[in-house]
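Got a structure here, written out as structure tokens. Questions coming.
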Amino acid sequence: MAKELKEMTKRADNYSQWYNDLVVKADLAEQSAVRGCMVIKPYGYAIWEKMQHELDSMFKAVGVQNAYFPLLIPKSFLSREAEHVEGFAKEAAVVTHYRLKAADGGVVVDPAAKLEEELIIRPTSETIIWNTYKNWIQSWRDLPLKCNQWCNVMRWEMRTRPFLRTSEFLWQEGHTAHATREEAEQDAQKMVKVYAKFAEEFLSIPVLQGVKSETERFAGALDTYTIEAMMQDGKALQSGTSHFLGQNFAKAFDVTYLNKENKPEYVWAASWGVSTRLIGALIMTHSDDNGLVLPPRVAPIQVVIVPIANKPEQQSAVDAAVEPIIAELRAKGISVKYDNSDNKRPGFKFADYELKGVPVRLVLGARDLENGTVEVMRRDTLEKETLPLEGIAARVEALLDEIQQNIYAKARRFRDEHIYECDNYEEFKEKIKDGGFFLCHWDGTAETEAKIKEETQATIRCVPFDFEQTSGVDMVSGKPSKHRVIIARSY
């Protein structure tokens with residue numbers, strides 16, 4: 001393990017390679033035999049399961065129910081909403097045949113098994129879901145309708161990176177139907193707040209909430225709300241989005257309801273989603289050159305206990321001392337691993353659990369038993385202290401909360417120190433190279449937005465909600481501006 005850590009690229013040397021190294025060495029994921037797709041390994045998937053559990057509870061608390069919709073979507077469905085098909089056409093994976101046949105020791109597509117209508121492997125599910133909602137919605141009594149599905153999607157990406165951008169990824173997608181425009185807009189805005197709460201309270205990732213520019217909206221949306229996080233290299237990561245879809249999909253699939261006056265009206269819609277990209281956000285926001293740093297609330301193992309014993313009788317004594325501690329921690333809902341395996345040296349175990357970001361490590365040996373003490377190390381600061389063995393479960397419980405808050409506070413400080421107001425374009429072009437969020441006036445035109453992107457590789461991330469907005473002058477065009485936007489380079 002020490003050798004593996006030495007081989008891991010340092011953040012300061014090559015941030016991108018450091019990230020790729022950490023994904024592999026921390027046992028989160030690996031490349032698959034299919035280009036652009038990854039295998040999420042058990043430890044990586046355990047993090048995703050923790051995220052799922054918390055998010056699912058938050059969704060259900062606001063009246064959302066889980067359902068499942070087909071993986072395959074008739075190609076004609078995508079063409080019904082013009083902006084939607086334009087947005088996803090270049091990434092669509094298409095199924096054309098339904099059978100193979102043997103040929104010369106191998107297999108080929110059976111030309112006789114060509115589909116009458118080609119099928120798209122879902123890049124997102126608005127079309128198939130709204131075709132289904134047509135059968136579920138008849139009157140105002142059926143509304144609002146709020147469904148979510150946990151599933152995989154396929155977007156044929158040309159340049160991929162584990163978790164951040166892959167051809168296949170896991171996510172949840174919520175799709176809601178409403179009787180009025182106001183309800184749909186409120187739902188879209190409410191869900192982006194749910195995402196922000198989850199990111200900050202569970203992932204310890206500070207985010208800025210805002211609304212996307214027209215150019216950056218989801219394909220087919222009237223408005224897209226976003227949470228934007230800052231990674232340690234100063235780049236932005238879009239970490240969750242919620243979309244007000246208006247009546248576009250209802251009209252495309254003829255989804256109407258009878259209002260209280262018994263007159264037909266088109267339904268109003270919203271959709272929202274986050275994906276396994278959040279695991280990438282966790283890695284890049286908190287981790288260091290020793291490996292992962294995981295917030296306790298989403299860490300698969302919150303506490304690891306490593307015994308130090310040179311003789312069988314010492315091992316037995318430590319085992320007996322540790323048993324009630326483990327029981328007490330688990331009774332508090334804390335996940336614990338007791339690693340008394342004898343095929344790895346303690347030093348190897350220490351490095352391994354640091355690499356995997358386990359928040360708290362307890363070390364207990366024969367001398368500790370004599371003294372009634374235990375060594376406690378916290379992963380976020382790598383600080384060690386020797387504490388009384390008595391009452392250690394309560395101390396660890398408090399320490400986990402402290403670590404959760406400290407990780408968030410550290411990330412918040414870093415982000416806030418790298419938010420800059422800027423009114424000079426030449427200054428902006430120079431400073432953007434070093435990363436950060438730039439609060440700049442924007443004249444609202446796509447032409448100015450495109451020029452910034454072309455000349456700096458930076459994009460307008462959002463019109464932020466968290467800053468007081470004042471009118472001014474666009475730094476690029478010199479035209480009047482109604483507000484400042486967040487501009488940054490991004491993943």
Side-chain angles (χ1 to χ4, degrees), residues 51-67 69 124-126 129-130 133 136-137 140-151 171-214 216-229 237-250 255 257 265-275 277-278 281 297-298 408 461-469 483 486:
M51 293 182 181
Q52 276 187 300
H53 175 75
E54 299 299 344
L55 275 169
D56 204 58
S57 296
M58 295 174 82
F59 296 159
K60 287 171 180 171
V62 292
V64 177
Q65 300 179 86
N66 285 332
F69 298 88
T124 180
S125 298
E126 275 78 6
I129 287 176
W130 278 90
Y133 279 2
W136 294 1
I137 299 169
W140 61 272
R141 294 181 179 86
D142 300 318
L143 299 171
L145 176 60
K146 300 182 180 184
C147 287
N148 172 67
Q149 71 167 344
W150 294 94
C151 64
W171 77 345
Q172 58 72 213
E173 50 179 320
H175 299 269
T176 63
H178 305 267
T180 67
R181 178 188 185 111
E182 291 72 26
E183 280 185 16
E185 285 186 306
Q186 287 169 11
D187 192 78
Q189 292 167 12
K190 174 170 62 181
M191 294 315 296
V192 84
K193 289 181 172 61
V194 169
Y195 288 151
K197 180 180 176 69
F198 172 73
E200 297 192 340
E201 294 186 6
F202 290 91
L203 307 185
S204 289
I205 298 176
V207 294
L208 292 179
Q209 301 177 49
V211 61
K212 289 284 191 181
S213 67
E214 184 176 352
E216 294 290 323
R217 285 177 195 160
F218 176 77
L222 300 186
D223 270 317
T224 289
Y225 304 97
T226 183
I227 55 172
E228 300 285 329
L237 186 73
Q238 179 180 290
S239 300
T241 50
S242 180
H243 318 289
F244 169 55
L245 302 175
Q247 295 176 313
N248 290 352
F249 288 93
V255 184
Y257 72 99
E265 291 187 33
Y266 283 109
V267 175
W268 295 85
S271 68
W272 29 272
V274 295
S275 74
R277 165 177 276 219
L278 288 177
R297 290 187 180 181
V298 291
Y408 174 78
R461 306 312 304 159
C462 64
V463 180
F465 298 149
D466 300 335
F467 295 91
E468 184 179 349
Q469 292 291 1
H483 48 233
I486 293 289

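Quick note: residue numbers are just sequence positions, from 1. Note that the coordinates shown come from a computational prediction; the quantities given were computed from them, not determined experimentally.
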>> As an exercise, state the distance from OG of Ser239 to OH of Tyr195, rounded to the nearest 0.5 Å.
In response: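 If we round to the nearest 0.5 Å, Ser239:OG and Tyr195:OH are 11.5 Å apart.
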
> Between the side chain of Lys212 and the main-chain N/O of Thr226, is any donor-acceptor distance below 3.5 Å?
Replying inline: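 It does not hold such a pair.
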
> Lys197: what forms a side-chain hydrogen bond (donor to acceptor under 3.5 Å, both in side chains) with it, not counting sequence neighbours?
Replying inline: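 side-chain hydrogen bond (donor to acceptor under 3.5 Å, both in side chains) check on Lys197 returns Glu201.
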
> Just how far is it from atom CD1 of Ile137 to atom OH of Tyr266, taken to the nearest 0.5 Å?
Replying inline: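 With rounding to 0.5 Å, CD1 (Ile137) is 13.5 Å from OH (Tyr266).
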
> If you look at every heavy atom in Leu55 and Val274, which pair is closest and at what distance?
Replying inline: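 Heavy-atom minimum between the residues: CD1-CG2, 3.6 Å.
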
> Side chains of Phe198 and Leu278: closer than 4.5 Å at any heavy-atom pair?
Replying inline: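 In contact.
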
> Can you name the nearest heavy-atom pair linking Gly246 to Leu222, along with the distance?
Replying inline: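 Taking Gly246 first and Leu222 second, the nearest heavy atoms are CA-CD1, 3.6 Å.
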
> Considering residues at least two apart in sequence or located in another chain, which fulfil the side-chain contact (heavy atoms from CB on, under 4.5 Å) criterion with Ala270?
Replying inline: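 By the side-chain contact (heavy atoms from CB on, under 4.5 Å) rule, Ala270 matches Thr176, Asp187, Ala188.
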
> What pairs of residues pass the salt bridge (Lys or Arg N to Asp or Glu O under 4.0 Å) test when at least one of them lies in residues 51-61, not counting sequence neighbours?
Replying inline: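 Every pair satisfying salt bridge (Lys or Arg N to Asp or Glu O under 4.0 Å) with a residue in residues 51-61: Asp56-Lys60.
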
> Listed by chain and number, what are the side-chain contact (heavy atoms from CB on, under 4.5 Å) partners of Phe465, not counting sequence neighbours?
Replying inline: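 With sequence neighbours excluded, Phe465 shows a side-chain contact (heavy atoms from CB on, under 4.5 Å) to Gln209, Val211, Tyr225, given in chain and number order.
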
> Can Met51 and Leu203 be said to form a side chain to side chain contact (heavy atoms under 4.5 Å, CB included), step by step?
Replying inline: CA-CA 9 Å; Met51 293 182 181; Leu203 307 185; 3.8 Å; yes

> Are any of the side-chain nitrogens in Glu185 or Lys190 under 4.0 Å away from the carboxylate oxygens of its partner?
Replying inline: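 Between Lys190 and Glu185 there is no salt bridge, as every charged N stays at least 4.0 Å from the carboxylate O atoms.
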
> Which pair of heavy atoms, one from Val267 and one from Trp130, lies closest together, and at what distance?
Replying inline: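 Nearest heavy atoms, Val267 then Trp130: CG1-CH2, 3.6 Å.
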
>> Please check this pair: side chain of Tyr257 against backbone of Ala179, looking for a donor-acceptor N/O pair closer than 3.5 Å.
In response: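 Flag set: sc Tyr257 to bb Ala179 pair under 3.5 Å.
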
>> Nearest 0.5 angstrom please: His243 NE2 to Phe249 CZ, how far?
In response: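 Nearest 0.5 Å value for the NE2-CZ distance: 9.5 Å.
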
> Taking all non-hydrogen atoms of both residues, which atom of Gln189 and which atom of Val192 are closest, and how far apart?
Replying inline: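 Of all heavy-atom pairs spanning Gln189 and Val192, the closest is O-CG1, 3.2 Å.
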
> Side-chain contact, heavy-atom cut-off 4.5 Å: Arg461 with Ser213?
Replying inline: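 Arg461 vs Ser213: side chains apart.
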
> Of all residues at least two apart in sequence or in a different chain, which pass the side-chain contact (heavy atoms from CB on, under 4.5 Å) check with Ser125?
Replying inline: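 With sequence neighbours excluded, Ser125 shows a side-chain contact (heavy atoms from CB on, under 4.5 Å) to Arg122, Ile128, Ile129, Gln149, Glu173, His175, given in chain and number order.
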
> How long is the gap from OH on Tyr133 to CG on Leu145, to the nearest 0.5 Å?
Replying inline: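 Tyr133 atom OH to Leu145 atom CG measures 4.5 Å (nearest 0.5 Å).
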
> Who passes side-chain contact (heavy atoms from CB on, under 4.5 Å) against Ala184, sequence neighbours left out?
Replying inline: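 Here the qualifying residues are His178, Phe244, Trp268.
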
> So, for Ala199 and Ile227, which heavy atoms are closest and what is the spacing to 0.1 Å?
Replying inline: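 Taking every non-hydrogen atom into account, CB-CD1, 4.3 Å.
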
>> Rounded to the nearest 0.5 Å, what separates atom CZ in Arg297 from atom CZ in Phe202?
In response: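 Separation between the atoms: 5.0 Å.
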
> Any idea which heavy atoms bring Ile205 and Ala229 closest together, and the distance?
Replying inline: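 Looks like CG2-CB, 3.6 Å.
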
> When the aromatic ring centroids of Phe59 and Trp272 are compared, is their separation below 6.0 Å?
Replying inline: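 They qualify: ring centres under 6.0 Å apart.
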
> Taking C-beta and beyond as the side chain, do Val207 and Glu200 meet within less than 4.5 Å on heavy atoms?
Replying inline: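 With C-beta onward as the side chain, the pair touches.
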
> In Å and rounded to the nearest 0.5 Å, what is the CZ to CG distance from Arg217 to Leu245?
Replying inline: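 Arg217 atom CZ to Leu245 atom CG measures 11.5 Å (nearest 0.5 Å).
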
